[in-house]
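Quick note on labels: first sequence line is chain A, next is B, and so on, each numbered from 1.
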Amino acid sequence: DTAVSQTPKYLVTQMGNDKSIKCEQNLGHDTMYWYKQDSKKFLKIMFSYNNKELIINETVPNRFSPKSPDKAHLNLHINSLELGDSAVYFCASSQEAIAGGFGTQYFGPGTRLLVL
Amino acid sequence: GDSVTQMEGPVTLSEEAFLTINCTYTATGYPSLFWYVQYPGEGLQLLLKATKADDKGSNKGFEATYRKETTSFHLEKGSVQVSDSAVYFCALSNRGSTLGRLYFGRGTQLTVWP
């Protein structure tokens, strides 16, 4: 069973379009994340949701909007796509910190977005 | 603020060579430290972790020891294989930071030749 899944795996689109990436986790975790990885492999956190509540909202253009319909899903919608949005987007999930504990993050396989 | 610095790659080794990838961190308090690995075309996977000073994390022949005195968590493997070719990320998570946030280093590309 896939723990964290993302769709689509590849996304090629034109500048100015609107697109969504979906993420689902079946681990029962209560926190989910979106990361952007650039061509040099640098990972940057974009958003984090805990129990459907936005926890981390990094300096990301407001063209990017996360939506969490329930604890198991965190989707990413991108409006007016730009060339610079081309990257690999990773979803991750974790069971959040309890006293003395830290949740390991489990990553999805990534969505490779290419904006032409 | 919290941050991780890891050695820049790429690192190229022959099979059975010894591997060290350096990682140092800056954090207040007592962070947990992680190494994640990303194989080509895949997402990140946890390789090993350590949650307190002097802990040693180990997995698949890789080891890293949490050294608070030198604020380091260097990754080592005694004999690398071609299948170890991947990008390795050092990361930390801190109780004092935003819930669950991981701070990643920039990644080190490892290529192992037969």
side-chain contact (heavy atoms from CB on, under 4.5 Å) assessment of B/Gln38 paired with A/Phe90:
CA-CA 12 Å; B/Gln38 183 180 23; A/Phe90 287 102; 3.2 Å; yes
Approximate separation, where rounding is to 0.5 Å, of [X] [atom1] and [Y] [atom2]:
X        : Y        : atom1 : atom2 : result
A/Tyr35  : B/Phe104 : OH    : CZ    : 4.5 Å
B/Leu102 : A/Tyr33  : CG    : OH    : 6.5 Å
A/Phe107 : B/Leu46  : CZ    : CG    : 9.5 Å

Relative to chain B, which of A/Lys40, A/Lys9, A/Gln37 shows the most heavy atom pairs under 4.5 Å?
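Highest number of pairs under 4.5 Å: A/Gln37.
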[X] atom [atom1], neighbour heavy-atom count above 12 within 6.0 Å:
X        : atom1 : result
B/Glu69  : CD    : yes
B/Gln81  : CD    : yes
B/Glu16  : CD    : no
B/Lys52  : NZ    : no
A/Arg112 : CZ    : yes

Which bit of B/Leu44 is near chain A, if near means a heavy-atom gap under 4.5 Å: side chain, backbone, both or neither?
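When you check distances to chain A, atoms from both the backbone and side chain of B/Leu44 fall under 4.5 Å.
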Counting only heavy atoms closer than 4.5 Å, note whether A/Gln6 contacts chain B via side chain, backbone, both or neither.
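For A/Gln6, there is no contact with chain B at all, as no heavy atom is under 4.5 Å.
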Evaluate the side-chain proximity of A/Gln105 to B/Tyr36: yes if any heavy-atom separation is below 4.5 Å, no if none is.
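Touching, per the 4.5 Å side-chain cut-off.
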